[in-house]
Novice: 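Okay, handing you the structure first.
Letters go in sequence order (proteins before strands), and every chain restarts at 1. Only this structure's heavy atoms are used, side chains among them; waters, hydrogens and symmetry mates stay out. All values reported here derive from a predicted model rather than from experimental measurement.
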Amino acid sequence: MSTDYNFSEIERKWQKFWAENGTYKVTEDSGKPKFYVLDMFPYPSGAGLHVGHPLGYIASDIYSRYKRLQGFNVLHPMGFDAFGLPAEQYAVQTGRHPALTTDENIARYKSQLNRIGFSYDWTREIRTSDPAYYKWTQWAFLKMFGSWYDNTLGKARPIEELEAHFASEGTSDVNAACSREMSFSAAEWNSMTEKEHADVLMNYRIAYLGETSVNWCPALGTVLANDEVKEGLSVRGGYPVIQKKMQQWQLRVSAYAERLLGDLDTLDWSDSLKEMQRNWIGRSEGAEMIFKVENGDRTYDVTIFTTRADTVFGVTFMVLAPESEWVDRLTAPQMRSQVDEYLASAARKTERERMAQTRQVTGVFTGSYAVNPLTGQKIPVWISEYVLAGYGTGAIMAVPAHDSRDYAFARHFNLPIIPLIEGCDVSQESFDAKDGVMCNSGFLNGMTVKEAIPAAIAKVEEMGIGRRKVNYRLRDAIFSRQRYWGEPFPIYYKDGVAVPMEMSDLPLCLPEIDKYQPTESGEPPLARARNWEYNGWPIEKSTMPGFAGSSAYYLRYMDPCNDKALVDRRKDEYWRNVDLYVGGTEHATGHLIYSRFWNKFLYDLGYVCEPEPFRKLVNQGMIQGRSNFVYRIKGTNTFVSYNLKDQYDTTEIHVDVNIVHNDRLDLDAFRKWLPDFASAEFILEDGEYICGWAIEKMSKSMFNVVNPDNVCDTYGADTLRLYEMFLGPIEQSKPWDTKGIDGVHRFLRKFWRLFYDKDGAVFTDVKATSAELKVLHNLIRKVSSDIEHFSMNTSVSAFMIAVNELSEIKCRSREILEPMVILLSPFAPHICEELWNRLGHDDSVSNASYPEYVESYTVENTFEYPVSFNGKMRFKMELDLGLSPKEVEAAVLASPNTEKYLGGKPVRKVIVVPSKIINVVF
RNA sequence: GCUCGAGUGGUGGAAUAGGUAGACACGCAGGACUUAAAAUCCUGUGGACAGCAAUGUCCGUACGGGUUCGAUUCCCGUCUCGAGCACCA
């Protein structure tokens, strides 16, 4: 048996052993407490894993292994978010089926992941593109289609219950989340046709078909994302793009806004992430108010939303969003052509352009006038892009004196500005602060803004023209994509009415098609499928978006092979929800909102037992690339070292970081790298070629992608794991920099030498000394609390200190070394498994139990007393244990610290309290 | 513009309740072992000043104030960087 630390042999051996023995397979075990550790599953891209990807996986694996050692039954699965755009675009170009490329990419990801030694239970692997998996994505969609949201009970209910209510009582007492308010009697409902019923119910369904605005490119016949459009033209082809209203499937996420916001308080997530979700949900309290608008001889009630009901006396005009449904009815005949022209120009702009032109004032007068409900004054109604159709009611009352956007608009179109707060100056800019005393405001005069807001709301409520209202920025999620590589909708159209398929017919599998681009007539790729119909009726041709499959995947891991249910009730009740979720912040307002929504929906219907999916969440930072450069003297094939480059006229060239070590270029490897450089000459400094460097995004084109496989080849997986943790705090983004990886590798070899020197094993059964026990137990305490706090970098440091100390005192005792192996095994599982085996254990170290911390070993016969003066002042001093309070007092008074910290002030009294805090009164 | 977070040696970063700032590691310098190299080990390493020396004194956690016997830590203001949102009425 080798006495060297031969990491490649050891790692291969144990990875094989774990796979063959199913070491990390878990089953539900009611005798053990559960712990569920989850990573955000990856999209398997063609480029494979780079060293940035495993950062979070390593941290969560350490945590999983740590919890397992502590006796928890740990669920730690992995799978793949396999539907997605890159595979489809590749298919469009090459004609290869996305399923093939996806399978290849997954195989590559799995082999890369397995080299790093993760403790995944691969028997629970899921893939979102697997029909057995997406059956349950489709199932959840149909459940949403078959549900409505009851605002009174605050939960989703089956749509049949709403139908029954309509049949007996119409819309009275219905408080439902809906696209637009409806009002009808039971008799009216009962006399409607089947199609009319379907239309009404669509207004209430949680998954519903509705109109929404999209970037539409008529020439390409497809919807484009905002970043695929520049200056109103498609990036590919340069065809014009317009804003178009289209029928799209949507999820009524907005119905859950209140709960998504409120339940954030129950979660152990970072404050910044919670804040992001709060901003995204965007709760704002205000009031709805009805303004009467006259157009010719007709009068309409237009509802607006405002957070500043107090400013209603300063309303000098009204503004509608260009897409508002009121625009048509409120346009006076003489203004029709100008309004149409404005609407057309607004429609030509993309969302992106609107953002870019934020401060440009545009608008058009409708020709109609509203009446200010409190002053009775007639005010003009305008249309402008700065009012958004999707927020509030798509119509506002404009108060130029106290809103900067209204102010800019009023200045531009010369509309009156009436200040409402005493002493404010609105000659240059609006006064937006909710601060001051009201004036020019009738019955509100003399009140502060804070008093005036509720008073104004009370007044309009009394007049019957308004009410308190909470608005959210959160919009319903658009759920249709005109793509191939996604879940098909289990919906067919019977005489144009959307009808759900039978649950028993799920999954509805993605059909084979011969080409992956949209059809010539502009239909989605699925229109190419033959016989894409159900009972003779056409099936929906769009597919679901990426977030569909990733919204409930954590539930499926609990019971991945169940074909009767998404998750068996008993298994769900055992695993409940994710205790620790690790992933990037980029999902803060996407996946993490959708998942919470999806989970709450299933919770409402009783399919899952927890209202929140992810209890604790840790965001790992991104690993950036560290690019290296060489400097070629212009017009030559000679390269000059970094510190000498200023003496020449050079070109900076990216060089593959894999042939650079500690910024030193491997000259031979460089000559072999590219044919151009085969005959390269070098101007060296101190015999070496030093490269320049820069921090950039890790990408192929910068030649700064570091493949974890290479690191495993050179240093081993255990070194990679430790080094990624040692790099810095998990949450922080940082560049990958191999400087320092040698130090970590050195540590592992040093650890190995505690067990083996060149002559063989050195560990013995000798009893541990108190100095050795102190090192061990200090380490147990430090490492445990660091892992709990997810401070993996400092725990690696603690290991280094402990191993240094143990080698210095020449520790040989198994009594110390065995627990050391267990402690380190979450971080460096391969070396620890090998040493554990060599120490004579047959079982895997992952089945060992975590060593228990014994305080008395670490304190020996002295103890640190924090000393507090006057309850405020404290310092640390070492005192012998077992002193009486009198002796402690004497020691404190005699301590040089006392003199130092008090600066010569007399100490009157020392009080020793049971908590080992000493109060010194002076 | 709004919201949140962060600024510490040559570098990555420690300091868990306000109590010796710079742990640990890299890098660098010097040394031991070696014919040599690799590997390993040891010593030094924030700055300034004084001293042959052990050592001592002062300054130092972006900047300016404040609270405190004492501030990297708490408070106010300024600057810089990062992240997110961005006409949300």
Novice: Just do the salt bridge (charged side-chain N to carboxylate O under 4.0 Å, His left out) check on A:Glu258 and A:Arg283 with the steps written out, would you?
Specialist: CA-CA 8 Å; A:Glu258 186 84 61; A:Arg283 181 189 151 97; 3.1 Å; yes
Novice: Nearest to the side chain of A:Glu275, heavy atoms from C-beta on, is which of B:rC26, B:rA89, B:rC4?
Specialist: B:rC4
Novice: So does A:Thr794 get a side-chain nitrogen or oxygen closer than 4.0 Å to the phosphate oxygens (OP1/OP2) of B:rU16?
Specialist: no
Novice: Heavy-atom nearest nucleotide on RNA chain B for A:Thr585 versus A:Asp403: which residue maps closer to 5'?
Specialist: A:Thr585
Novice: Where the side chain of A:Lys739 is concerned, which of B:rC26, B:rC24, B:rG13 is the nearest nucleotide?
Specialist: B:rC26
Novice: Below 30° counts as parallel, above 60° as perpendicular, anything between as tilted: where do the rings of A:Phe305 and A:Tyr391 land?
Specialist: perpendicular
Novice: With a cut-off of 6.0 Å (strictly less than), are more than 12 heavy atoms of other residues, nucleotides or ligands near CD of A:Glu429?
Specialist: no
Novice: Check whether the side chains of A:Glu385 and A:Thr362 place a donor and an acceptor atom closer than 3.5 Å, and report yes or no.
Specialist: yes
Novice: Any idea which of B:rC4, B:rC85, B:rA89 is nearest the A:Ser272 side chain?
Specialist: B:rC4
Novice: Send over the distance from A:Asn279 CG to B:rC2 C1', rounded to a whole Å.
Specialist: 9 Å
Novice: What distance, rounded to whole Å, do you find between the two P atoms, one in B:rC75 and one in B:rC85?
Specialist: 27 Å
Novice: Does a side-chain heavy-atom distance below 4.5 Å link A:Phe827 with A:Ile787?
Specialist: yes
Novice: Using whole Å, what does the distance between atom C1' of nucleotide B:rA89 and atom CG of A:Leu388 come to?
Specialist: 9 Å
Novice: Describe the nucleic acid contact of A:Lys782 in one word from base, sugar-phosphate, nothing, applying a heavy-atom distance below 4.0 Å.
Specialist: base
Novice: Roughly how many Å apart are B:rG10 and B:rA23, using the P atom of each and rounding to a whole number?
Specialist: 14 Å
Novice: Using a heavy-atom cut-off of under 4.0 Å over every strand shown, decide if A:Arg475 touches base, sugar-phosphate, or nothing.
Specialist: base
Novice: Would you say the rings of A:Phe317 and A:Phe409 are close, in the sense that their centroids are separated by under 6.0 Å?
Specialist: yes
Novice: Distance check needed: B:rC24 P versus A:Leu727 CG, whole Å only.
Specialist: 19 Å
Novice: Given the P atoms of B:rU8 and B:rG13, what is the spacing between them in whole Å?
Specialist: 9 Å
Novice: For B:rA89, take OP1 and OP2 only and decide whether either is under 4.0 Å from a side-chain N or O of A:Tyr386.
Specialist: no
Novice: Considering only nitrogen or oxygen atoms on both sides, find all protein atoms under 3.5 Å from nucleotides 31-33 of chain B and state each distance.
Specialist:
none

Novice: Rounded to whole Å, how long is the line connecting atom CD1 of A:Ile801 with atom P of B:rA15?
Specialist: 11 Å
Novice: In whole Å, measure the gap between the P atoms of B:rG60 and B:rG5 for me.
Specialist: 28 Å
Novice: OP1 or OP2 of B:rG13 less than 4.0 angstrom from a side-chain nitrogen or oxygen of A:Gln732, does that happen here?
Specialist: yes
Novice: Return the value, rounded to whole Å, for the distance between atom NE2 of A:His789 and atom C1' of B:rA17.
Specialist: 12 Å
Novice: Parallel under 30°, tilted from 30 to 60°, perpendicular over 60°: which one fits the rings of A:Trp752 and A:Tyr756?
Specialist: parallel
Novice: Could you tell me the separation between the CD atom of A:Gln620 and the P atom of B:rA83, rounded to a whole number of Å?
Specialist: 16 Å
Novice: Go ahead and write out RNA chain B as dot-bracket, 5' to 3': ( ) for pairs within the strand, [ ] for ones crossing earlier pairs, | when the partner sits on another strand, dots for unpaired; Watson-Crick or G-U wobble, both distances under 3.5 Å.
Specialist: (((((((..(((......[....)))((((((.......))))))(((((....)))))..(((((..]....))))))))))))....
Novice: Which whole number of Å gives the distance between the C1' atom of B:rA39 and that of B:rG46?
Specialist: 32 Å
Novice: In terms of the angle between their ring planes, are A:Phe747 and A:Phe799 parallel, tilted or perpendicular, with boundaries placed at 30° and 60°?
Specialist: tilted
Novice: Would you kindly check if the NZ (Lys) or CZ (Arg) of A:Arg596 is within the cone defined by 45 degrees around the ring axis of A:Trp280 and under 6.0 Å from the six-membered ring centre?
Specialist: no
Novice: Take A:Arg278 and A:Asp265 through the salt bridge (charged side-chain N to carboxylate O under 4.0 Å, His left out) test and state the conclusion after the steps.
Specialist: CA-CA 11 Å; A:Arg278 286 194 192 102; A:Asp265 295 335; 3.4 Å; yes
Novice: So A:Asp271, base contact, sugar-phosphate only, or nothing? Heavy-atom distance under 4.0 Å.
Specialist: nothing
Novice: Mind telling me if B:rG47 is syn or anti? Syn here is a glycosidic angle within 90° of 0.
Specialist: anti
Novice: Would you measure the distance from the P atom in B:rU16 across to the matching atom in B:rC4 and give it in whole Å?
Specialist: 25 Å
Novice: Mind checking the C1' distance from B:rU11 to B:rG18? Whole angstroms is fine.
Specialist: 29 Å
Novice: How many Å lie between CE on A:Met276 and P on B:rG82, as a whole number?
Specialist: 16 Å
Novice: Show me the protein contacts with nucleotides 38-45 of chain B, counting only N or O atoms at under 3.5 Å.
Specialist:
{"from": "B:rA39", "atom 1": "O3'", "to": "A:Arg749", "atom 2": "NH2", "distance (Å)": "3.2"}
{"from": "B:rU40", "atom 1": "OP1", "to": "A:Arg749", "atom 2": "NH2", "distance (Å)": "2.8"}
{"from": "B:rU40", "atom 1": "O3'", "to": "A:Arg753", "atom 2": "NH2", "distance (Å)": "3.1"}
{"from": "B:rC41", "atom 1": "OP1", "to": "A:Arg753", "atom 2": "NH2", "distance (Å)": "3.0"}

Novice: Check the surroundings of atom CD in A:Glu731: do more than 12 heavy atoms from other residues, nucleotides or ligands lie under 6.0 Å from it?
Specialist: yes
Novice: Quiz question: by atom type and distance under 3.5 Å, do the side chains of A:Ser430 and A:Asp403 form a donor-acceptor pair?
Specialist: no
Novice: Is there a side-chain hydrogen bond (donor to acceptor under 3.5 Å, both in side chains) between A:Asp786 and A:Thr794 once you walk through the steps?
Specialist: CA-CA 7 Å; A:Asp786 281 351; A:Thr794 52; 3.0 Å; yes
Novice: Quantified in whole Å, what is the P atom distance between nucleotide B:rA25 and nucleotide B:rU45?
Specialist: 15 Å
Novice: Answer with base, sugar-phosphate or nothing: what part of the nucleic acid does A:Pro735 contact at a heavy-atom distance below 4.0 Å?
Specialist: nothing
Novice: What is the glycosidic conformation of B:rA17: syn, defined as within 90° of 0, or anti?
Specialist: syn
Novice: Without decimals, in angstroms, what is the distance between A:Leu722 CG and B:rG12 P?
Specialist: 21 Å
Novice: Toward the 5' end of RNA chain B, which comes first, A:Ala798 or A:Ala389, by nearest nucleotide?
Specialist: A:Ala798
Novice: Do the ring planes of A:His745 and A:Phe7 sit parallel (below 30°), tilted (30 to 60°) or perpendicular (above 60°)?
Specialist: perpendicular
